[in-house]
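Both backbone and side-chain heavy atoms feed into the values below; hydrogens, waters and symmetry mates do not. By convention here, the first residue in the shown sequence is residue 1.
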Amino acid sequence: MQQKVRFQIEGMTCQACASRIEKVLNKKDFVESAGVNFASEEAQVTFDDSKTSAADIAKIIEKTGYGAKEKTEDTLPQPEAEHHIGWRLWLLLAINIPFLIGMAGMMIGRHDWMIPPVWQFVLASVVQLWLAIPFYKSAWASIKGGLANMDVLVTIGTVSIYLYSVYMLFFSPHAAHGMAHVYFEVGVMVIGFVSLGKFLEHRTKKSSLNSLGLLLKLTPTQVNVQRDGEWKQLPIDQVQIGDLIRANHGERIAADGIIESGSGWADESHLTGESNPEEKKAGGKVLAGALMTEGSVVYRATQLGSQTLLGDMMNALSEAQGSKAPIARVADKAAAVFVPAVVGIALLTFIATWLVKGDWTVALMHAVAVLVIACPCALGLATPAAIMVGMGKAVKHGIWFKDAAAMEEAAHVDAVVLDKTGTLTEGKPQVAAVYCVPDSGFDEDALYRIAAAVEQNAAHPLARAIVSAAQARGLDIPAAQNAQTVVGAGITAEVEGVGLVKAGKAEFAELTLPKFSDGVWDIASIVAVSVDNKPIGAFALADALKADTAEAIGRLKKHNIDVYIMSGDNQGTVEYVAKQLGIAHAFGNMSPRDKAAEVQKLKAAGKTVAMVGDGINDAPALAAANVSFAMKGGADVAEHTASATLMQHSVNQLADALLVSQATLKNIKQNLFFAFFYNILGVPLAALGFLNPVIAGAAMAASSVSVLSNALRLKRVKIE
């Protein structure tokens with residue numbers, strides 16, 4: 001049986017490390033697929049659990065030189081520790097200061113600012129023989145694994161320049177005359193810049209890129225719990241299902257639960273993307289992470305930790321951010337051959353420069369510059385960094401993508417297929433018009449009272465709508481006896497003081513409706529009423545459009561996305577709704593199979609199709625579409641089939657999802673362009689001597705941070 005497991009990976013230094021783990025795992029016959037995300041530092045592995053176990057896979061990863069810790073959905077992601085500059089980096093930066101001063105002096109002709117060569121040797125030895133040991137360990141582990149990473153380039157470059165400088169200082173013919181040309185500052189500053197770059201990169205990946213840290217802060221660490229009849233403040237991990245918890249104004253809800261007492265307003269925008277507070281009162285639900293903006297409630301915990309909606313969202317986000325988008329394959333392929341290619345280019349640079357210049361010192365400097373300017377990290381971070389930020393932005397808008405592939409596909413959508421009921425409309429029929437038969441002796445209020453008396457015995461949505469409308473008018477609904485349902489026609493009952501009442505289809509109540517000028521009668525569901533077989537009136541019930549539906553359709557059309565309605569309702573009703581919204585393509589009387597077939601036709605015509613639905617009957621079309629969206633709280637099969645979940649029953653969230661995806665894909669392409677352009681431009685410049693190794697090292701360190709910074713711009717992109 002296939003099983004999917006996720007691991008947190010420790011010890012990766014660049015994309016080559018991720019590629020190496022992938023290569024090792026994918027060679028195993030019991031592994032169906034394995035992907036490693038360098039930005040999230042996570043591996044996702046699908047394997048045959050009859051042949052191996054998650055623990056065995058972790059051991060395989062550990063044998064490649066990295067730590068692997070299994071991640072499960074039973075526990076929430078843990079908050080990241082603060083990332084401070086460690087003593088090793090502080091010491092490294094301190095050693096860099098005299099070399100920086102010396103280099104600044106040389107740039108203005110003050111060579112006396114550089115410390116004496118012997119002291120350069122001492123400081124460089126501290127760096128090269130002690131502080132740089134992590135680079136050597138990583139490089140050696142990488143080489144043993146059969147793939148070279150960035151640390152191999154840094155190690156070859158800095159060790160070469162260090163050994164060269166040692167030779168020139170102590171063993172060259174010029175050393176005795178104090179004329180030796182040493183370059184200790186190159187190794188020291190390259191190690192310093194690269195280490196600082198790694199620190200900034202790691203901190204950005206763990207904090208700014210990932211939205212999980214913000215979600216973790218939504219759960220309070222201490223809560224007021226009733227124990228033994230007393231209110232006590234306890235840590236969140238001591239709360240149990242069934243406990244009574246109190247949340248006052250300004251506090252956050254600690255668990256999903258049912259309100260026992262109290263009332264107020266809660267902001268649940270962290271889950272729904274909707275910033276309007278929800279009213280909370282006894283019998284209602286509260287969701288973990290919600291902020292009590294007004295009032296105070298006491299609620300009974302029904303779900304805790306990862307079982308809450310917030311916990312489910314965090315695990316879903318963590319898994320989605322750790323997945324890989326198809327576009328990442330471009331960078332993965334390049335990273336797999338990157339380091340060997342750069343080493344080869346550096347070797348050719350050394351030979352060519354020596355032959356042309358006749359100076360092996362210059363040749364060495366050019367070769368080292370090539371080694372340290374190249375950066376596979378920028379390539380490796382280009383896609384996953386943008387995906388992590390884009391996923392977080394989607395969640396803030398109440399959109400849960402299942403994986404990075406779904407988000408990438410959503411960016412290409414140019415046709416959207418919408419179900420009508422529950423998607424474009426409220427899914428709750430309402431009385432849109434009332435007709436009273438002239439001279440029947442019954443006015444509108446009487447018609448409501450009599451119809452509601454019978455319909456309160458039925459469970460049909462149309463019946464509930466009539467009863468609700470009568471109650472809203474404040475009418476007294478009389479009792480009804482001997483209610484009987486006539487399948488496919490309506491319901492009958494004896495109403496006290498009235499007689500035998502029938503409510504249902506027009507022919508069932510023996511009513512012939514006149515021709516109405518109001519078009520709603522042509523598209524609405526009709527409930528006719530008769531008393532003692534004499535018709536007295538009828539109700540036209542229609543499903544009202546959601547308040548933001550027209551705005552959402554306008555947004556989609558503004559971005560050149562074609563909109564289609566496909567519904568099981570009759571063609572006239574569907575066309576009426578389409579006309580209201582300005583939608584040109586409307587299909588009614590559609591079975592689930594018909595919807596799926598029409599989606600396939602659109603795909604065959606070259607369209608990238610997104611399907612939106614919330615019912616069981618939408619599942620085939622959801623599966624057929626390129627990318628699909630289900631409404632949260634709809635049918636389980638729809639949510640399971642869909643590529644993403646919309647927390648609000650709103651087409652506006654669909655528009656948000658498509659536009660966030662487009663912005664994310666655009667950002668990925670920018671990152672990839674920068675990463676490729678940086679290396680394509682930087683390596684030749686270094687080979688030709690236009691960049692010295694120190695500047696090359698600084699540029700290499702800055703390249704990854706630049707890619708991450710560009711990814712972070714997604715947080716500020718406006719979705720309109």
> So do the side chains of Ser160 and Leu364 get within less than 4.5 Å of each other, counting heavy atoms only?
Replying inline: yes
> If every non-hydrogen atom of Leu672 is compared with every non-hydrogen atom of Ala382, which pair is closest and at what distance?
Replying inline: CD2-CB, 3.6 Å
>> Please evaluate residues Leu381 and Asn671 with respect to the criterion side chain to side chain contact (heavy atoms under 4.5 Å, CB included), reporting the C-alpha separation (whole Å), side-chain torsions for both, the decisive distance (0.1 Å), and the verdict.
In response: CA-CA 8 Å; Leu381 290 168; Asn671 285 345; over 6 Å; no
>> My understanding is that only residues two or more places apart in sequence, or in another chain, count here; which of them pass side-chain contact (heavy atoms from CB on, under 4.5 Å) with Phe677?
In response: Phe673, Leu681
> For Trp130 and Leu91, what are the C-alpha separation, side-chain angles and deciding distance, and is it a side chain to side chain contact (heavy atoms under 4.5 Å, CB included)?
Replying inline: CA-CA 11 Å; Trp130 178 34; Leu91 180 56; 3.6 Å; yes
> Taking the side chain as C-beta and beyond, is there a heavy-atom pair between Ile60 and Val24 under 4.5 Å?
Replying inline: yes
>> I need the Thr664 OG1 to Met391 CE distance, nearest 0.5 Å.
In response: 8.5 Å
> To the nearest 0.5 Å, what is the distance between CD1 (Ile156) and CD1 (Ile161)?
Replying inline: 13.5 Å
>> Using a 3.5 Å distance criterion without hydrogens, assess whether the side chain of Ser138 forms a donor-acceptor pair with backbone atoms of Phe135.
In response: no
> Of all heavy-atom pairs between Phe350 and Ala367, which one has the smallest distance, and what is that distance?
Replying inline: CB-CB, 3.9 Å
> Is the Phe184-Phe99 ring centre distance short of 6.0 angstrom?
Replying inline: no
>> Distance check, rounded to the nearest 0.5 Å: Ile115 atom CD1 versus Ile101 atom CD1?
In response: 9.5 Å
> Closest approach of Pro384 and Asn37, non-hydrogen atoms and distance?
Replying inline: CB-OD1, 3.1 Å
> Do the charged groups of Glu70 and Arg6 touch, with an N to O distance under 4.0 Å?
Replying inline: no
>> According to ring pair (Phe, Tyr, Trp, His ring centres under 6.0 Å), who are the partners of Trp119, at least two apart in sequence or on a separate chain?
In response: none
> Without hydrogens or angle criteria, can the side chains of Ser53 and Asp56 be said to hold a donor-acceptor pair below 3.5 Å?
Replying inline: yes
> Could you state the interatomic distance from CD (Gln3) to OG1 (Thr52), rounded to the nearest 0.5 Å?
Replying inline: 10.0 Å
>> So Pro134 and Arg88, do their side chains get closer than 4.5 Å, heavy atoms only?
In response: yes
>> Can you give me the closest heavy-atom contact between Ala254 and Pro220, atom names plus distance?
In response: CB-CG, 3.8 Å
>> For a side chain to side chain contact (heavy atoms under 4.5 Å, CB included) check, start with the C-alpha distance between Thr46 and Val31, then their side-chain angles and the critical distance, and finish with the verdict.
In response: CA-CA 6 Å; Thr46 302; Val31 172; over 6 Å; no
>> Pairing donors with acceptors under 3.5 angstrom, does anything connect the side chains of Tyr162 and Ser125?
In response: yes
>> To the nearest 0.5 Å, what is the distance between CG on Leu714 and NZ on Lys666?
In response: 10.0 Å
>> For Ile345, is there any backbone N or O sitting under 3.5 Å from a side-chain donor or acceptor partner on Thr349?
In response: yes
> According to the interplanar angle, ranging from 0 to 90°, do the rings of Tyr164 and Trp360 count as parallel (below 30°), tilted (30 to 60°) or perpendicular (above 60°)?
Replying inline: perpendicular
> Taking C-beta and beyond as the side chain, do Met407 and Ile387 meet within less than 4.5 Å on heavy atoms?
Replying inline: yes
> Do the side chains of Ile95 and Leu131 get nearer than 4.5 Å, heavy atoms only?
Replying inline: yes
> Looking at Gly192 and Asn96, what are the two nearest heavy atoms and their distance?
Replying inline: CA-ND2, 3.8 Å
> Ser33 and Phe47: side chain to side chain contact (heavy atoms under 4.5 Å, CB included), yes or no, with the steps?
Replying inline: CA-CA 7 Å; Ser33 64; Phe47 65 98; over 6 Å; no
> Heavy-atom distance under 4.5 Å between the side chains of Met12 and Val36, does that happen here?
Replying inline: yes
>> Ignoring hydrogens and geometry beyond distance, is a side-chain donor-acceptor pair present between Gln44 and Glu42 at under 3.5 Å?
In response: yes
> Which atom names give the shortest non-hydrogen contact between Lys669 and Ile327, and what distance separates them?
Replying inline: CG-CD1, 4.3 Å
>> Would you say that Phe170 contacts Val166 through its side chain, given a criterion of any heavy-atom pair below 4.5 Å between the two side chains?
In response: yes
>> Just to verify, what does Gln128 make a side chain to side chain donor-acceptor pair (under 3.5 Å) with, not counting sequence neighbours?
In response: Tyr136, Thr158
>> For Ala18, is there any backbone N or O sitting under 3.5 Å from a side-chain donor or acceptor partner on Tyr66?
In response: no
>> Between Val372 and Phe193, is there a side-chain heavy-atom distance shorter than 4.5 Å?
In response: no
> Is a side-chain donor or acceptor of Asn26 paired with a backbone partner of Ala34 at a separation under 3.5 angstrom?
Replying inline: yes
> From Leu665 CG over to Glu409 CD, what is the distance, rounded to the nearest 0.5 angstrom?
Replying inline: 10.5 Å
